[in-house]
Every structure is written in structure tokens, then in C-alpha cells.
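Report on one structure; see the data block that follows.
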Amino acid sequence: MNRLGQNIGGYRGETIDLQRVLQQIDQAVAGKNWVRDADFLALRRPNPEARVHVYISAGIHGDEPAGPLAVLRLLQEDEWPDAAAIWLCPCLNPTGFPLNRRESAAGLDLNRDYRHLHSPEARAHTAWLQRQPRFDVSLCLHEDWESNGFYVYELNPDKKPSLAEKIIEAAATVCPIDFSEIIEDRPARNGIIRPDLVPADRPQWPEAFYLITHKSRLSYTLEAPSDFPLPVRVAALAAAVQAVLAAV
């Protein structure tokens, strides 16, 4: 499978009608065991007997359409572990998608705003997160228009059993893996980046830093290669999430 060669200086690939996708998400959960949050774009699948709490987010960058579509696919397939409760944010940057740009309509990269919370989107999201319990694992669905294949960031400061290899193995069934030794200026091995980072030392925080500091001690940022066909990227992200759900 070859790269499309469409992305020059940014994402130039397929876009989505976000409102239509959100309507399809509403249809997918109608009549099922999902609760829609009243004042924030989020869904909860409560389970009083849950052994694990799983958090999934997508769409924090408006030029990464595969994330919300992967969420839609997972909801339509409706295969969730009996032992898990799920918290799901299908689109964290709803104003960026109509513009097909990374930032919000106000020009802010939301995934750099989780320390100082300048944007109303990050403030609303963190306020919602504060009302939720802690998560055993968090998954942030992303895309990278420059990458040669799928890869994953693992934040695992307590050295819990890693799920990264399972994520890569699942994604590899439908999508090329980026085997570069350096990805995004960080050492990588077999498509896995395990950065030795201290959030307190960083002036700007992505969502994953907020999660690892406040809500979860095991976080995965899943990066699909957005210079490949959109269905491939959607399938890779969905397969990666399903691999985690099967393992927890």
C-alpha cells in the first residue's frame, strides 16, 4: 500500500461533514446503553459491575477526520467488553472540522492547551473530566499527515503492563506501520514511542498530559497515517481500540 502523495505542507485529503457524522453517532447509540452528557459532547456507557474504566477521545484536530469516523464505526459495531465502562468524546474540536484545519475556529491548537486552558473547548472538556472517575486506560485518536504509517505514543509512568505491542499488531492487519527510528523527533521502535517526559516541565500540554496527570496512569495516543486512504485510517484506529478493549 502506497502513500497517496496528497499532503504537501498540511492535510489535503478527504474531509467529513461533522454534523452528519454526529447525527449518525446519535442514531448508533439510540435505544442502547449509552448516556449523552447534557452540557458537553460526550457519551458514557455505564456499567455498575465494571472492572475497568476506559476513556476514548477523537477529533481534537479539525484536519483529522478518521478519529470521529472510527468512533462512529465502533458505536455501530457495538462490541464492548462486559467488564468495562466506557467514556467517549467523539469530537473535541467541532469548530475546526468545517474549516479542515488543525486549530479551532479561534485559531488555537487545542492539543497544546491542557495546561493553561485558554480555550473554552479545553476548559469545558477538563471541567467534564473532573466530574468523571479515574480511568484505567485512556485512548486519544489522532492522525499524522507526515507519517509513513501508523504509530502510537505510550505514556506509562508507573510501568504497568504495556498494551502498545497489541495496538501495533492490530493496526498492522489493516494499515502500514511506521518503522522509522525517529518519529516526531523522538526515538521510536516498531511503531512505538515511549517518551521519557515530565509534564510539569512542559509549558504546553496535550490532552494526554492532562489525562496522565489527573485521570489515568496509562495513556495511548494513536496516530493513523493521513496520507493513506481514509477507510484504511478509520479501520486502523478502530482495530487499535478494539485490541485495547479485548486486553483490559
| query | Considering only heavy atoms from C-beta outward, does the side chain of Leu41 approach that of Cys91 to under 4.5 Å? | reply | yes
| request: Would you indicate whether Asp39, at its atom CG, is surrounded by more than 12 heavy atoms from other residues, nucleotides or ligands within a distance under 6.0 Å? | output: yes
| Approximate separation, where rounding is to 0.5 Å, of Ile167 CD1 and Leu139 CG | 6.5 Å
| said: Restricting to non-hydrogen atoms, name the atom on Ala50 and the atom on Ala85 that form the minimum distance, rounded to 0.1 Å. | reply: CB-N, 3.6 Å
| request: Check the angle between the aromatic planes of Phe40 and His125 and answer parallel, tilted or perpendicular using the 30° and 60° thresholds. | output: parallel
Validation: residues 195-206 side-chain donor-acceptor distances under 3.5 Å, sequence neighbours left out:
from	atom 1	to	atom 2	distance (Å)
Trp205	NE1	Pro199	O	2.7
Trp205	NE1	Arg202	O	3.4

| said: Taking the side chain as everything from C-beta on, heavy atoms only, tell me whether Leu88 gets closer than 4.5 Å to Leu75. | reply: yes
| task | Indicate, with yes or no, if Ile25 and Val234 share a hydrophobic cluster defined by side-chain heavy-atom contacts under 4.5 Å among Ile, Leu, Val, Met, Phe, Trp and Tyr. | result | yes
| query | For Glu103, what residues pass the salt bridge (Lys or Arg N to Asp or Glu O under 4.0 Å) criterion, not counting sequence neighbours? | reply | none
| request: Consider only side-chain heavy atoms of I, L, V, M, F, W and Y, link residues closer than 4.5 Å, and tell whether Ile168 and Leu245 are in one cluster. | output: yes
| Within the side chain of Ser216, is there an N or O that forms a donor-acceptor pair under 3.5 Å with the backbone of Phe135? | yes
| message | Applying side chain to side chain donor-acceptor pair (under 3.5 Å) to Trp128 and Asp37, what does each step give before you reach the verdict? | response | CA-CA 9 Å; Trp128 177 82; Asp37 195 274; 3.1 Å; yes
| For Ala247 against Lys166, the heavy-atom pair lying closest together | CB-CD, 3.8 Å
| query | With side chains defined as the heavy atoms from C-beta onward, is the minimum distance between Pro176 and Phe228 less than 4.5 Å? | reply | yes
| Residue pair Phe179 / Asn190, side-chain heavy-atom distance below 4.5 Å | yes
| request: Spell out, as yes or no, whether a donor-acceptor pair under 3.5 Å connects the side chain of Glu143 to the backbone of Ala66. | output: yes
| field | Side-chain heavy atoms of Leu163 within contact of Val248, under 4.5 Å | value | yes
| note | Note: Ala188 and Ser180 closest approach over all heavy atoms is CB-O, 3.6 Å
| CZ of Arg131: more than 12 outside heavy atoms within 6.0 angstrom? | yes
| said: Within the structure provided, determine whether Val241 and Val71 are in side-chain contact (heavy-atom separation under 4.5 Å). | reply: no
| query | Looking at side-chain heavy atoms only, is the closest gap between Asp227 and Trp145 below 4.5 Å? | reply | no
| field | Side chain Asp136, main chain His53, donor-acceptor under 3.5 Å | value | yes
| Test log, rule side chain to side chain donor-acceptor pair (under 3.5 Å), inputs Glu207 and Ser57 | CA-CA 9 Å; Glu207 177 195 7; Ser57 73; 2.9 Å; yes
| query | Does one hydrophobic cluster hold both Val232 and Leu72, with members joined at side-chain heavy-atom distances below 4.5 Å? | reply | no
| message | Let's go through Lys32 and Glu77 carefully: what are the C-alpha distance in whole Å and the side-chain angles of both, what is the deciding distance for salt bridge (charged side-chain N to carboxylate O under 4.0 Å, His left out) to 0.1 Å, and is it a yes or a no? | response | CA-CA 12 Å; Lys32 297 179 182 176; Glu77 292 176 350; over 6 Å; no
| said: With salt bridge (charged side-chain N to carboxylate O under 4.0 Å, His left out) as the criterion, how do Asp26 and Arg36 come out once you've worked through the C-alpha distance, each side chain's angles and the decisive distance to 0.1 Å? | reply: CA-CA 9 Å; Asp26 284 340; Arg36 177 82 179 261; 2.7 Å; yes
| request: Kindly compute the distance separating CZ (Arg12) from CD (Gln6), expressed to the nearest 0.5 Å. | output: 10.5 Å
| said: As an exercise, state the distance from CD1 of Ile212 to CG of Asn156, rounded to the nearest 0.5 Å. | reply: 7.0 Å
| task | Report yes or no: do Tyr220 and Tyr55 belong to one cluster of Ile/Leu/Val/Met/Phe/Trp/Tyr joined by side chain heavy-atom distances under 4.5 Å? | result | no
| Of the non-hydrogen atoms in Cys175 and Ala236, which two are nearest, and what is the gap between them? | CB-CB, 3.6 Å
| Side chain to side chain, Trp80 and Asn33, heavy atoms closer than 4.5 Å | no
| query | Hey, does the side chain of Arg44 reach the backbone of Trp34 with a donor-acceptor pair shorter than 3.5 angstrom? | reply | no
| task | Please say which of Leu92, Ile60, Thr221 ends up in a side-chain contact (heavy atoms from CB on, under 4.5 Å) with Asn111. | result | Ile60
| Val52/Val137 under side-chain contact (heavy atoms from CB on, under 4.5 Å): CA gap, chis, key distance, verdict | CA-CA 8 Å; Val52 293; Val137 61; over 6 Å; no
| said: Donor-acceptor check, side chain of Asn7 to backbone of Glu146, threshold 3.5 angstrom: yes or no? | reply: no
| Which heavy-atom pair separates Leu222 from Ala240 by the least distance, and what is that distance? | CD1-CB, 3.8 Å
| Between the side chains of Thr15 and Asn100, is a donor N or O closer than 3.5 angstrom to an acceptor N or O? | no
| With a cutoff of under 4.5 Å between side-chain heavy atoms, which Ile, Leu, Val, Met, Phe, Trp and Tyr residues group with Val174? | none
| note | Interatomic distance, OG@Ser147 vs CG@Asp178, rounded to 0.5 Å, equals 5.5 Å
| remark: Closest non-hydrogen contact found for Ile193 with Pro187 is CG2-O, 3.8 Å
| query | Between Asp113 and Ser119, does a side chain to side chain donor-acceptor pair (under 3.5 Å) hold up when you go through it step by step? | reply | CA-CA 7 Å; Asp113 192 33; Ser119 66; 2.6 Å; yes
| request: May I ask you to decide if Arg102's main-chain N or O and Asn93's side chain share a donor-acceptor pair within less than 3.5 Å? | output: yes
| said: Is it the case that the side chain of Arg123 and the backbone of Thr126 share a donor-acceptor pair, with hydrogens and angles ignored and the cut-off at 3.5 Å? | reply: no
| Roughly how far, to the nearest 0.5 Å, is the CZ atom of Phe209 from the OG atom of Ser219? | 9.5 Å
| query | Which value, rounded to the nearest 0.5 Å, describes the distance between Leu237 atom CG and Leu69 atom CG? | reply | 9.5 Å
| Shared ILVMFWY cluster between Val54 and Tyr153, side chains joined below 4.5 angstrom? | no
| More than 12 non-hydrogen atoms from neighbouring residues, nucleotides or ligands closer than 6.0 Å to CD on Gln24, yes or no? | yes
